[in-house]
Amino acid sequence: MNNRLEEYLIEKGLFITAISSILIILLIITFIFIEGFPAIESYGVLNFVFGSTWAPLKGEFGVLTMIVGTLGITFLALALAVPLSLLCAIFMAEIAPSSMRRILKPVIETLAAIPSVVYGFFGLIVLVPLMREQFGGTGFSMLTASVILMVMILPTIISVSEDALRSIPYEYKEASLALGATQWQTIKNVIFPAAIPGVITGIILGMGRAIGETLAVIMVAGNVTQFPSSVLDPVRALTSNIAIEMGYATGMHYNALFGTAIVLFFMIIFLLVLANYFHYKKKVVIGGGYL
Amino acid sequence: MNRIEVENLNVYFEEAHILKDNNIKIPKNTVTSLIGPSGCGKSTFIRTLNRMNDLISGFRKEGSIFFDGKEIYEPDVDVVELRKKVGMVFQKPNPFPKSILDNVAYGLKVHGINDKDVVEERVEESLKSAALWDEVKDKLDKSAMGLSGGQQQRLCIARTIAIEPEVILMDEPCSALDPISTTKIEDLIHKLKKEYTIVIVTHNMQQATRVSKHTAFFLHGEIVEIGRTDKLFMEPEDKRTEDYITGRFG
């Protein structure tokens with residue numbers, strides 16, 4: 001009897017814990033929608049999302065420049081980070097001797113633990129002047145932000161991809177080598193393709209971090225609400241918009257910042273669904289076989 | 001004529017002395033069985049013949065292994081070329097997570113054979129030799145992971161013979177299979193021995209008597225006895241061999 005009571009309490013306890021974390025998230029989302037909706041409604045959904053003028057004093061709230069800014073920074077950061085991290089993960093998982101790996105792995109994971117303000121500060125002091133000297137302009141740009149973000153998402157992608165590569169059964173590697181394949185052929189044709197689902201997970205996680213990163217981006221991106229004509233132009237991200245203006249926003253301006261959060265929310269949901277679609281639904285096709 | 005000659009082979013992993021003074025001659029186009037209790041070094045021995053142990057850290061060997069008269073551990077030997085000539089089938093069927101066609105074509109591809117007609121012809125030939133063609137000919141583009149264990153193992157054999165090796169090493173190829181699949185693999189071994197030299201590790205002594213001409217009995221890393229299979233099983237010379245085959249230990 002006592003045992004059954006204990007089971008019952010534990011079961012319910014776990015249920016309540018699980019449900020409460022979901023409730024908290026739902027509560028936050030509800031709050032954001034309640035606060036943000038008036039601005040979107042009064043300015044019009046299409047005007048809000050596709051308007052290119054952000055002038056709170058004149059009552060204009062178009063966030064398209066910032067959507068472009070967020071997407072530009074994120075995908076440029078991914079374009080820089082993905083090749084680098086995949087090669088690094090392959091090196092660590094397949095080529096580096098175990099003594100080297102024992103040093104590399106914790107060092108790379110430490111990179112993920114550095115607070116973003118430190119990265120931002122480094123970007124401001126070192127990278128911005130460097131960009132100014134190399135490419136002209138102010139040095140505050142989409143590219144600068146992407147380079148900082150690249151460094152910030154490298155550890156995530158490397159770490160998850162490396163785990164994925166190492167979890168590929170040793171039998172595959174053995175089979176390939178026994179057929180007379182070289183080490184590189186084995187990595188390229190067998191190990192890496194089999195690890196692709198895990199690698200994609202790593203890229204999704206990196207992308208999530210890049211979209212959400214605020215502070216480091218504010219410090220180096222320039223934060224101008226204009227369409228960039230090149231990667232060297234300053235841009236403002238959606239997250240930056242909220243952080244920069246929330247200190248003094250009132251009235252409709254305040255609601256419009258929550259509206260920005262709603263747009264960000266839908267963008268992230270869209271990208272996650274898209275990524276999951278490639279991850280699960282399509283599976284990953286390797287020369288006609290399914291993983 | 002001997003395809004493989006092993007002279008005074010000693011193998012160590014770190015400090016552990018795994019194989020002790022092994023001497024064995026494996027004639028061309030015959031089947032040689034390696035029997036013995038678990039942990040006696042049979043698998044280590046077979047993996048030394050195509051240098052798969054090179055991958056394991058702490059591996060060290062003394063003595064010589066000649067393949068067609070050439071020492072395979074000489075620095076100028078290309079391991080890739082060696083493994084092309086000395087193919088291997090593993091204990092657990094290990095097809096790649098690719099299509100059936102790509103599995104068999106894999107070896108051809110890594111050796112630079114890309115001509116579509118040649119590849120298709122070789123794939124068909126290999127699957128026929130491995131007695132798998134009729135079962136898979138309509139689903140070559142389906143994943144190999146959907147095949148049964150016995151079919152997967154025959155696919156692995158097809159994959160091995162697609163690159164036309166001279167020797168096939170089999171490390172307990174039937175231990176994960178049911179009796180019907182085992183019979184199919186054994187029939188296949190009988191067929192393949194006309195063209196290939198086969199070395200097979202087995203725990204199943206009936207299997208050794210069924211498929212092989214010669215048998216070597218391993219115990220604690222030593223080759224206790226080696227000779228014609230019928231003689232080794234009917235009139236073993238060594239007391240330990242007799243004890244093992246009559247089931248007194250192991």
Side-chain angles (χ1 to χ4, degrees), chain A residues 90-105 161 163-201 278-291, chain B residues 46-47 49-57 78-112 139-147 152 155-156 158-165 168-171:
Chain A
I90 288 172
F91 176 75
M92 279 170 68
E94 294 297 326
I95 296 162
S98 62
S99 55
M100 191 166 183
R101 189 181 166 270
R102 271 199 294 275
I103 300 169
L104 271 177
K105 181 103 175 161
S161 307
D163 287 342
L165 287 165
R166 289 176 66 84
S167 70
I168 300 308
Y170 186 68
E171 284 83 8
Y172 293 168
K173 187 173 169 180
E174 227 174 27
S176 174
L177 292 172
L179 286 168
T182 61
Q183 193 182 8
W184 176 241
Q185 284 171 331
T186 302
I187 292 170
K188 189 177 61 147
N189 298 318
V190 176
I191 298 177
F192 187 73
I196 282 179
V199 169
I200 291 180
T201 305
F278 282 113
H279 192 173
Y280 298 109
K281 293 281 161 33
K282 287 278 269 193
K283 292 291 180 180
V284 177
V285 182
I286 302 167
Y290 292 97
L291 258 179
Chain B
I46 203 173
R47 293 166 63 92
L49 300 181
N50 67 341
R51 294 187 57 172
M52 286 302 280
N53 286 328
D54 292 16
L55 304 170
I56 298 165
S57 66
D78 182 356
V79 184
V80 167
E81 277 303 306
L82 174 74
R83 291 189 186 136
K84 197 177 153 190
K85 288 186 200 140
V86 185
M88 186 162 208
V89 176
F90 296 85
Q91 184 172 357
K92 213 176 104 199
N94 57 353
F96 300 122
K98 296 172 184 280
S99 71
I100 294 168
L101 179 80
D102 286 343
N103 260 280
V104 185
Y106 182 80
L108 303 172
K109 198 172 123 193
V110 300
H111 294 296
K139 50 177 183 178
L140 289 176
D141 58 340
K142 293 277 169 21
S143 171
M145 304 317 254
L147 297 175
Q152 288 188 1
L155 179 67
C156 291
R159 183 174 70 182
T160 305
I161 54 189
I163 51 174
E164 300 175 335
I168 303 175
L169 308 172
M170 297 184 173
D171 189 357

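Note on naming: letters A, B, ... go to the chains in the order of the sequence lines (proteins, then strands), and numbering restarts at 1 for each one. Here the structure is a predicted model, which is why all the values come from computation and not from measurement.
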Output a table of donor-acceptor pairs, distance under 3.5 Å, between side-chain atoms of residues 93-102 of chain A and any protein atom two or more places apart or on a different chain; print 'none' if there are none.
| unit_1 | atom_1 | unit_2 | atom_2 | d |
| --- | --- | --- | --- | --- |
| A/Glu94 | OE1 | A/Lys173 | NZ | 3.2 |
| A/Arg101 | NE | A/Glu162 | OE2 | 2.6 |
| A/Arg101 | NH2 | A/Glu162 | OE2 | 3.2 |

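Residues satisfying the side chain to side chain donor-acceptor pair (under 3.5 Å) test with B/Lys84, not counting sequence neighbours, are none.
Among all heavy-atom pairs drawn from B/Phe96 and A/Leu179, the shortest one is CE1-CD1, 4.1 Å. Minimum interatomic distance between A/Ala175 and B/Arg159 (heavy atoms only, all atoms of both residues): CB-NH2, 3.4 Å. A/Leu177 and B/Arg83 make their closest contact through O-CD, 3.1 Å (heavy atoms, listed as atom of the first residue, atom of the second, distance). Shown here for A/Ala178 and B/Asn50, the closest heavy-atom pair between the two residues is CB-ND2, 4.4 Å. In this structure, A/Thr186 and B/Tyr106 approach most closely via the heavy-atom pair CA-OH, 3.8 Å.
There is no contact between B/Arg51 and chain A, counting heavy-atom distances below 4.5 Å. Proximity to chain A (any heavy atom under 4.5 Å) is shown, for B/Lys85, by neither the backbone nor the side chain. Of the two parts of B/Pro165, neither the backbone nor the side chain holds a non-hydrogen atom closer than 4.5 Å to a non-hydrogen atom of chain A.
Considering only heavy atoms from C-beta on, B/Phe90 comes within 4.5 Å of A/Glu174 through its side chain.
Per-residue counts of heavy-atom pairs under 4.5 Å with chain A were compared for B/Asn94, B/Leu101, B/Thr160; the largest is that of B/Asn94.
Looking at A/Gln185, its side chain does come within 3.5 Å of a backbone N or O of B/Val110 through a donor-acceptor pair.
More than 12 heavy-atom neighbours from other residues, nucleotides or ligands sit within 6.0 angstrom of NZ on A/Lys105.
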